[in-house]
Amino acid sequence: MPARPETAPEPRWLARRLLAWHARHGRHDLPWQKNRTLYRVWVAEIMLQQTQVATVIPYYRRFLRAFPSLRRLADASLDAVLEQWTGLGYYARARNLHRAARLVRDGLGGRLPRDLDGLMKLPGIGRSTAGAILAQVLDRPHPILDGNVKRVLARCFTVDGWPGEPAVEARLWELSTACTPATRCADYTQAIMDLGATVCTSRNPACGRCPLAPRCLARASGEPTAWPAPRPGRTRPRRRHTLLVLRDARGRVLLQRRPPAGIWGGLWTLPLCPDRADPARWCRDELALAIRPGRRGPLIRHELTHFRLELEPLYAELAPNRGGTREGPELRWHVPGSRPPGGLPAPVRRLLDTLTA
DNA sequence: GATTCGTGGCG
DNA sequence: TCGCCAAGAAT
């Protein structure tokens, strides 16, 4: 049984322990940690929102190769940006990143703001992301509050309640502010995130390797994973859709652009089968596939089913741009294996890959 | 204040 | 197979 401290750790002790731990056990060679510019760290922080480091790294390298500077990003088309974002998810991040780059190019002389309020005015940058950028690039003493920090602080100080509740989050902001030291802010910020990501993990915390364990109240309780409290249960609505793979005689696949906002906003997907329509009823000439998302998540897992589709009725519904006057979804024929017209959702990309092979 | 937004990994 | 979670922000 661990020793049982009765008082919460002092902020200065916590920061000192974290800094010492980070020197030996922290991560020091992440791609955005070298050549730390506002632009490079900004892009990294946006990609890292709700996304783990290991997932981000290859995307980050490709993205910076395609858009080495803010100017190059602002001058690029949104389609080109979404194409780089394909598979990363949360595509509003890419749209906001691109919009912010143009705002900076056109209104701020091409320079990203170097203060909290200025950064937070840009789309996609909230308080935590702004703090992380300033702490890492300029070593400014701004607290952050991401999932790692929430977990570490909630355990150390046994903060009750689900962090999604505003009152709990406010308390965690207080603690994060109190613990953030006036100096060595870049190292401290990286340290507490690294601890949360590699030691104070959500399911199997390695308290035996934690520099904060001696005074961690959750550790002392014997059940460190009791904090933070889990999100209250909720019933997620199940949605079921059918996407159609329509191929012409040359093997091209019909793609349709999603509306600019909402799920997969601005991306190119397979056309949606109209609700209540049975794809099988349209079987006739062309071989097609239907994707039927399963019970998981918004639109994720899918099964492939072969259908033979009658194209003409669908074209009447899907190709309203013919003639140039009617409004309707943007459509494009795509040759599998060639460069896509823009961003593709991961399931669509995977499907197109199977058509290539 | 509650929901929405992707995808991959984990137990 | 399933539910939860992850370097959050916008609506």
Side-chain angles (χ1 to χ4, degrees), chain A residues 26-27 30-33 41-60 82 85-97 99-100 119-133 135-136 143-152 162-170 172-173 176 186 189-198 200-205 225 228-239 258-267 269 293-302 343-350:
Chain A
R27 294 176 288 193
L30 299 172
W32 45 89
Q33 290 179 319
V41 173
W42 171 45
V43 171
E45 288 303 324
I46 299 300
M47 285 190 172
L48 286 162
Q49 288 171 359
Q50 299 297 99
T51 310
Q52 296 187 344
V53 167
T55 303
V56 162
I57 287 178
Y59 284 90
Y60 182 80
L82 288 173
W85 213 271
T86 287
L88 196 52
Y90 282 134
Y91 298 94
R93 297 182 295 174
R95 298 193 301 268
N96 286 332
L97 193 68
R99 190 152 59 95
L119 282 175
M120 288 178 64
K121 284 191 176 71
L122 294 174
I125 302 184
R127 182 176 172 188
S128 185
T129 297
I133 294 171
Q136 292 192 54
I144 67 168
L145 194 61
D146 66 348
N148 291 311
V149 177
K150 285 177 181 172
R151 189 168 52 254
V152 170
W162 175 52
E165 291 179 51
V168 179
E169 184 174 323
L172 291 170
W173 268 115
S176 180
T189 299
Q190 191 61 47
I192 192 167
M193 286 192 291
D194 285 353
L195 188 79
T198 65
C200 190
T201 56
S202 150
R203 302 170 196 254
N204 281 323
T225 57
R231 169 189 202 117
R234 52 175 186 165
T235 58
R236 291 181 66 89
R238 306 292 192 191
R239 289 182 291 181
R258 297 276 307 166
I263 189 165
W264 294 347
L267 274 66
T269 71
R295 311 158 58 80
R296 168 173 186 254
L299 272 176
I300 309 307
R301 185 152 305 174
H302 55 273
L344 302 175
V348 174
R349 185 189 50 179
R350 279 194 294 269

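We name chains A, B, ... by the order of the sequence lines, and we start the count at 1 in each one.
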Which one, B/dG9, C/dG8, B/dT7, comes nearest to the side chain of A/Thr129? C/dG8
Under the criterion side-chain hydrogen bond (donor to acceptor under 3.5 Å, both in side chains), I'd like the reasoning laid out for A/Gln136 against A/Glu45: C-alpha separation, chi angles, the key distance, then a yes or no. CA-CA 10 Å; A/Gln136 292 192 54; A/Glu45 288 303 324; 2.7 Å; yes
In whole Å, what is the span from the CD atom of A/Glu169 to the P atom of C/dA9? 9 Å
Base, sugar-phosphate or nothing for A/Thr55? Non-hydrogen atoms, less than 4.0 Å. nothing
Picking from B/dG11, B/dC5, C/dA7, which would you name as closest to the side chain of A/Arg203? B/dG11
Could you give the distance separating B/dG6 and C/dT11 at their P atoms, to the nearest angstrom? 14 Å
Per nearest nucleotide of DNA chain C, the residue lying toward the 5' end, A/Gln52 or A/Trp173, is A/Gln52
How far apart are the C-alpha atoms of A/Arg203 and A/Thr225, what are their side-chain angles, what is the distance that settles it, and do they pass the side chain to side chain contact (heavy atoms under 4.5 Å, CB included) test? CA-CA 7 Å; A/Arg203 302 170 196 254; A/Thr225 57; over 6 Å; no
For the side chain of A/Pro166, starting at C-beta, report the closest nucleotide among B/dG1, B/dC5, C/dC5. B/dG1
Expressed in angstrom and rounded to an integer, what is the separation of A/Trp42 atom CH2 from C/dA9 atom P? 14 Å
Distance check: side-chain N/O of A/Arg350 vs OP1/OP2 of B/dG8, anything under 4.0 Å? yes
Nucleotide B/dG8, atom P - distance to CG of A/Leu88 in whole Å: 10 Å
On a whole-Å scale, what distance lies between the P atoms belonging to C/dA7 and B/dT3? 23 Å
OH of A/Tyr90 versus P of C/dC5: gap in Å, rounded? 13 Å
In whole angstrom, give the distance that lies between atom NZ of A/Lys150 and atom C1' of C/dA7. 11 Å
How would you label the contact of A/Leu30 with the nucleic acid (heavy atoms, under 4.0 Å): base, sugar-phosphate, or nothing? base
Please tell me which of the listed nucleotides, C/dA7, C/dG8, B/dG9, lies nearest to the side chain of A/Ser128? C/dG8
Compare the minimum distances between each of B/dT7, C/dG8, C/dC5 and the side chain of A/Pro347, then state the nucleotide with the smallest one. B/dT7
Base, sugar-phosphate alone, or nothing: which one does A/Gly87 contact when heavy atoms must sit under 4.0 Å apart? sugar-phosphate
When rounded to whole Å, the CD1 to C1' distance for the pair A/Ile144 and C/dA9 reads 15 Å
Just to be sure I understand the rule, does A/Glu45 reach a base, reach only the sugar-phosphate, or reach nothing, if contact means heavy atoms closer than 4.0 Å? base
Nucleotide of B/dT7, C/dA10, C/dG8 approaching A/Asn96 most closely (side-chain heavy atoms): C/dA10
Side chain to side chain contact (heavy atoms under 4.5 Å, CB included), that's the test. Do A/Trp32 and A/Leu48 meet it? Break it down for me. CA-CA 11 Å; A/Trp32 45 89; A/Leu48 286 162; 3.7 Å; yes
A/Met193/A/Asp146 under side chain to side chain contact (heavy atoms under 4.5 Å, CB included): CA gap, chis, key distance, verdict: CA-CA 8 Å; A/Met193 286 192 291; A/Asp146 66 348; 3.3 Å; yes
Give one of base, sugar-phosphate or nothing for A/Trp32, where a contact means two heavy atoms less than 4.0 Å apart. base
Given that A/Leu344 and A/Trp162 both sit by DNA chain B, which one's nearest nucleotide is further toward the 5' end? A/Trp162
A/Asn204 or A/Tyr91, whichever maps to the more 5' nucleotide of DNA chain B: A/Tyr91
Apply side chain to side chain contact (heavy atoms under 4.5 Å, CB included) to the pair A/Tyr60 and A/Leu30, showing each step before the final yes or no. CA-CA 10 Å; A/Tyr60 182 80; A/Leu30 299 172; over 6 Å; no
Taking the six-membered ring for Trp, are the ring centroids of A/Tyr59 and A/Trp85 within less than 6.0 Å of each other? no
Tell me whether A/Arg93 contacts the main-chain N or O of A/Ile46 through its side chain, where contact means a donor paired with an acceptor under 3.5 Å. yes
Assign A/Ile125 to base, sugar-phosphate, or nothing according to its heavy-atom contacts below 4.0 angstrom with the strands shown. sugar-phosphate
A/Leu48 CG to C/dG8 C1', straight-line distance once rounded to whole Å: 11 Å
Rounded to whole Å, please give me the gap between CZ in A/Arg127 and P in C/dA10. 14 Å
What's the closest nucleotide to the side chain of A/Gln49 if the choices are C/dA6, B/dC5, C/dA9? C/dA9
Below 4.0 Å: OP1/OP2 of C/dA6 and any side-chain N or O of A/Arg151: yes
Check every strand shown and say whether A/Ala346 touches a base, only sugar-phosphate, or nothing at a heavy-atom separation below 4.0 Å. sugar-phosphate
So what does A/Gln190 hit on the nucleic acid, given a heavy-atom distance under 4.0 Å: a base, only sugar-phosphate, or nothing? base
Please state whether the phosphate of B/dT7, meaning OP1 or OP2, lies under 4.0 angstrom from any side-chain nitrogen or oxygen of A/Trp264. yes
